[in-house]
2 protein chains.
Amino acid sequence: MKRSEDTATMILDAAQHLAQTQGYNAFSYADIASEVGIRTASIHYHFPGKGDLGYSLVARYRQIFLQSLTEIDQTTNKAAQKLKKYIDLYHWSLLEDRMCLCGMLASDIATLPEKVRDQVKIFFDVNVAWLATILKDGRKADEFIYRGTAEAQARLMLASIQGAMLVARALRNTGQFQKVTKDLFNSIKKAK
Amino acid sequence: MKRSEDTATMILDAAQHLAQTQGYNAFSYADIASEVGIRTASIHYHFPGKGDLGYSLVARYRQIFLQSLTEIDQTTNKAAQKLKKYIDLYHWSLLEDRMCLCGMLASDIATLPEKVRDQVKIFFDVNVAWLATILKDGRKADEFIYRGTAEAQARLMLASIQGAMLVARALRNTGQFQKVTKDLFNSIKKAK
DNA sequence: GTCTATAGGTGGATAGAC
DNA sequence: GTCTATCCACCTATAGAC
């Protein structure tokens, strides 16, 4: 019940938490209202329908995620370090028992409004594009070694990370995620 | 509206289809009733609560999946061939726009009854155990090459395959799944 | 075993007072 | 902007006739 921030933000925070832990179809306006400490009618004032809420949710998530990627790009030049920090982004989320928001929405994809679906798609495309750049740079710098195109490897890594989160949460075993992503990292890391 | 089979089976078939395409929280007894051509009360006769239905659903899925694995073991001795057929199991599912039932339930894990959760966990454990055996045999037979333990590699492959389904469905691109799993296969296949 | 009828609860959503 | 009050559709579930 944080009362210091503006309501729209508090609603989005609560909705995101619920969406990441339970899924799009498992939370209600009542759940959000209860977490924020307001009434459901107030939510409708800020987000007329659940579709609007979902759209704003993913749009904000994408934007913040993109900022994180930019920060990673600025803090180091080593591709291997960048990749580790990228994996950490997801790891931190998992430590709070949160799935990636878009990984979660991906499972609900058939029931999402078109505009929300598009946002999820864009999120994955951005991830693949960023990863492909890192992988390409890393191979050029002799840090990574892998067969095929950088984009193909990027798609494999995105799928593996999302799947690792999904399975680790089901097994209630965060360590599983760390092991899998470490092995994934090692599979392309060039031995010194 | 198949009337030839027994009702319980028809209910499970419809529920499984809905669960794999929409998720556990996105389908109702009314949806099943409509697909089967009966009333919701009839479903409650066979499966008193949704938890009972969910449990029976995963238990049957596990059993049928295990049969498929046994069949694979019987049709070939080549580890590489077995692995390909294993991936095909998931691929066929995806061609009908179906996620793996347990991958889908994994995303809904926080909202599932305890007994359903346990079934999902067992499904993943069975997958890892079977994959680990194949990977071990394949390495011994000089078909596969990978670092680390067979079990670690098995966990990576399960996560990658589940994630590949998740992302491919979100992007509405089945070809993506084929590419990713092919690259995954090639990453451990020993060149002749 | 399947039906009709219905209960009690919750879903997203709106009108209008403050 | 937030509230109370309310709407209707849908949810899971049960009782009892057939």
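Just the heavy atoms: all of them, side chains too, but no hydrogens, waters or symmetry mates, feed the values below. A quick note: this is a predicted structure, and the numbers were derived from the prediction, not measured. Sequence lines set the chain letters: A, B, ... in the order given, protein chains first and strands last, and positions in each chain run from 1.
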**Q** List the steps, then state whether side-chain hydrogen bond (donor to acceptor under 3.5 Å, both in side chains) holds for A:D31 with A:S28.
**A** CA-CA 5 Å; A:D31 295 327; A:S28 66; 3.2 Å; yes

**Q** Protein within reach of the bases, or only the backbone? For nucleotides 12-18 of chain C, mark each nucleotide 5' to 3' as B, S or -, using heavy atoms under 4.0 Å.
**A** SBB----

**Q** Atom CD1 of A:I32 and atom P of C:dG11: how far apart are they, to the nearest Å?
**A**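 Whole-Å distance recorded here is 11 Å.
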
**Q** Can you tell me if the side-chain N/O atoms of B:Y45 get under 4.0 Å from OP1 or OP2 in C:dT2?
**A**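 For B:Y45, the contact criterion (side-chain N or O under 4.0 Å from OP1 or OP2 of C:dT2) is not met.
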
**Q** In this structure, how many angstroms lie between the P atom of D:dA13 and the CZ atom of B:R39, rounded?
**A**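 Between P of D:dA13 and CZ of B:R39: 19 Å.
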
**Q** Can a donor-acceptor pair be found, under 3.5 Å and without considering hydrogens, that links the side chain of A:R169 to the backbone of A:D97?
**A**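 Yes: the side chain of A:R169 pairs with the backbone of A:D97.
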
**Q** Please verify the inter-ring angle class for A:F65 with A:Y90; under 30° counts as parallel, over 60° as perpendicular, anything in between as tilted.
**A**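 Tilted.
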
**Q** Compare all side-chain heavy atoms of B:M99 with those of B:M165 and state whether any distance is below 4.5 angstrom.
**A**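 Yes. Closest side-chain heavy atoms under 4.5 Å.
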
**Q** For A:T9 and A:D6, test the side chains for any donor-to-acceptor distance below 3.5 angstrom and give the result as yes or no.
**A**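 A pair is found: one side chain offers a donor N or O, the other an acceptor, under 3.5 Å apart.
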
**Q** From CD1 of A:I38 over to C1' of D:dG1, roughly how many Å is that when rounded to an integer?
**A**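 So the two atoms are 10 Å apart, to the nearest Å.
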
**Q** Nearest 0.5 angstrom please: B:N25 CG to A:Y24 OH, how far?
**A**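 That separation rounds to 13.5 Å.
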
**Q** Separation of B:L53 atom CG from D:dC11 atom P, in whole Å?
**A**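 Value for this atom pair: 14 Å.
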
**Q** Quick check on D:dG1: is either OP1 or OP2 less than 4.0 Å from any side-chain nitrogen or oxygen of A:T7?
**A**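 A:T7 to D:dG1 OP1/OP2: no side-chain N or O under 4.0 Å.
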
**Q** Would you say A:S42 reaches D:dC3's phosphate, i.e. side-chain N/O to OP1/OP2 under 4.0 Å?
**A**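 The answer is yes; a side-chain N or O of A:S42 sits under 4.0 Å from OP1 or OP2.
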
